[in-house]
Amino acid sequence: MRIVIAGASGFVGQMLVPELRARGADVMLLGRDPQALQAKFPDCAVSDYANLSQVLQGADLLLNLAVVNSDAGASLSAYQAVNVEFAATLAQAAQDAGVRFINVSSTHALEAANRSAYAQSKRDGVAAVNAVGGDVVHLYLPAIYGATFAGALRHLNRLPKPLARFAFGPISALKPTLSVTRLAEWLCHHARTAPRELVLSDGQGGNLTYRAVSRVMDLAAAVGGLILFALPMLILWALIRKEGDGPAIFAQPRVGRGGQVFTCYKFRTMAIGTKQAGTHEVSSAAVTPLGAKLRRYKLDELPQLWNVLWGDMSLIGPRPCLPAQEELVRLRGQAGVLDIRPGISGLAQVAGVDMSDPARLVAWDARYIALRGLILDIRLILQTALGAGQGDRVGK
């Protein structure tokens, strides 16, 4: 594979280039000062941007690492010049040469509440590259690390290496991180077939701190919630029973971690005899008057605290679907969404994305898996408690 890299002189590039070369990639480096670039990478071919169209002939990828970072303290115009205008220039050159353009962005740009000049410039950069068109992948990356650390993790460099590695586990449980090794593997083996937008991270599957703290949070919330809401749940049970025939608790098979089917519990909000289907496939006429109120305030989800207590679900995760929703189950299996516990609430639900479009939902589920950390989980819990999202919307 032949990869042309713009902005390789930065922290990420200095770690990434040796990793790519070790995997047999043919690397060409671009910079405004080729002599300084050659000094940093004496074994690599280098060029300035004046020869960009010629350099791109026969290339597989143009990787854009050129950036003014969040800790640069630069002016808005400086951020815009590199993160927006220069990104668009590279995108145009890639399109003219028929080369796939990998536009490296930041997970900061995905945080709508982040109004910093850096985050806004990265969002504007994505828009500018999209305006150019062509074969583009927007690659959103969290903090990257290798033998050393940078950005928010840079303080770890002051510690002895064994202590830094020990401290890295709890720190990375808070927010996602990405090893430069994983980035190199992705570029060499997956970049040519990647979707237009992708969040890449190490994930939290192997992070013992995240798994332990997350489970403790689940258990504390489940036990505390069942005690705190015991009387309200009993009152709701009685009101549902009084409204009409049928059980107050609705038990339904759902697909959980590893594709295993479990029984999910909710307060019944629909008339007896309503078909077993995705909520979006059910008519709103099937919802009872009391059920409409329960769904509006998400009170129908309270019995799922039992599922959390038993370990079938977490507070936060992808919403569990029915076994009959075969396309959604298949797509989730392919995207690795079934590798984690489903949740009472999640990123997609808070964003108002339901199960009516399986591909879109799976994209949001996969985004959550890449972005998840204790800070995001706590934020989603609070947003859900404050009424964010619309829950599982029924059809018309």
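Keep in mind it's a predicted model, so treat the numbers as computed, not measured.
In this structure I249 satisfies the side-chain contact (heavy atoms from CB on, under 4.5 Å) test together with W237, Y265, F267, P303, sequence neighbours excluded. Applying the side-chain contact (heavy atoms from CB on, under 4.5 Å) rule to P34 yields the partners V46, D48; only residues at least two apart in sequence or on another chain are considered. Residues passing the side-chain contact (heavy atoms from CB on, under 4.5 Å) test with A173, sequence neighbours excluded: N207, T209, Y210, L374.
Here the side chain of E243 pairs a donor or acceptor atom with the backbone of L290 at under 3.5 angstrom. Between the side chain of E301 and the backbone N or O of I344, no donor-acceptor pair lies under 3.5 Å. Listed for the S201 side chain is no donor-acceptor partner under 3.5 Å among the backbone atoms of P176. Distance alone, capped at 3.5 Å, places no donor-acceptor pair between the S214 side chain and the R211 backbone. At distances below 3.5 Å, at least one donor-acceptor pair connects side-chain atoms of N157 with backbone N or O atoms of R154. Listed for the Q38 side chain is a donor-acceptor partner under 3.5 Å among the backbone atoms of C44. In this structure a side-chain-to-backbone donor-acceptor pair under 3.5 Å is missing from R254 to P323. With N83 contributing its side chain and V68 its backbone, the two residues share a donor-acceptor pair below 3.5 Å. With hydrogens and angles disregarded, a donor-acceptor distance shorter than 3.5 Å links the side chain of R241 to the backbone of G246. In this structure, R100 contributes its side chain and D60 its backbone to no donor-acceptor pair below 3.5 Å.
Between atom CG of residue L183 and atom CG of residue L200 there is a gap of 6.5 Å, rounded to the nearest 0.5 Å. Here the CD1-OG distance, from I144 to S179, works out to 9.0 Å after rounding to the nearest 0.5 Å.
The hydrophobic clustering, which links ILVMFWY residues whose side-chain heavy atoms are closer than 4.5 Å, places L139 and V136 apart.
Remark: the Q252 side chain and the T263 side chain contain no N/O donor-acceptor pair separated by less than 3.5 Å. Side-chain contact, S77 with S75: a donor N or O sits under 3.5 Å from an acceptor N or O.
Classification of the Y145-F149 ring pair by plane angle, with boundaries at 30° and 60°, yields parallel.
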- Message: Under the criterion side-chain contact (heavy atoms from CB on, under 4.5 Å), I'd like the reasoning laid out for H138 against L198: C-alpha separation, chi angles, the key distance, then a yes or no.
- Response: CA-CA 6 Å; H138 296 294; L198 180 70; over 6 Å; no
- Worked verdict on L309 versus N307 for side-chain contact (heavy atoms from CB on, under 4.5 Å): CA-CA 5 Å; L309 185 63; N307 291 115; over 6 Å; no
- Message: Working note: Y140 + N103, criterion side chain to side chain donor-acceptor pair (under 3.5 Å); need CA distance, chi angles, decisive distance, verdict.
- Response: CA-CA 9 Å; Y140 294 92; N103 181 46; over 6 Å; no
- Task: Would you check, one step at a time, whether the test side-chain contact (heavy atoms from CB on, under 4.5 Å) holds for D135 with V99?
- Result: CA-CA 7 Å; D135 186 10; V99 174; over 6 Å; no
- Item | side-chain contact (heavy atoms from CB on, under 4.5 Å) between L236 and L299, intermediate numbers included | CA-CA 9 Å; L236 290 176; L299 296 175; 4.2 Å; yes
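For E326, the CD atom sits in a loose shell: 12 or fewer heavy atoms of surrounding residues, nucleotides or ligands are nearer than 6.0 Å. Atom CZ of R23 sits in a crowded spot, with more than 12 heavy atoms from other residues, nucleotides or ligands closer than 6.0 Å. Summarising the local packing, CH2 of W186 is surrounded by more than 12 heavy atoms from other residues, nucleotides or ligands at distances under 6.0 Å.
In this structure, R32 is positioned above the aromatic face of F86, its NZ or CZ under 6.0 Å from the six-membered ring centre and within 45° of the axis.
Using a cut-off of 4.0 Å between Lys/Arg side-chain N and Asp/Glu carboxylate O, D365 and R332 are scored as salt-bridged.
Of the residues listed (L30, L62, L61), the one engaging L56 in a side chain to side chain contact (heavy atoms under 4.5 Å, CB included) is L62, and it is the only one.
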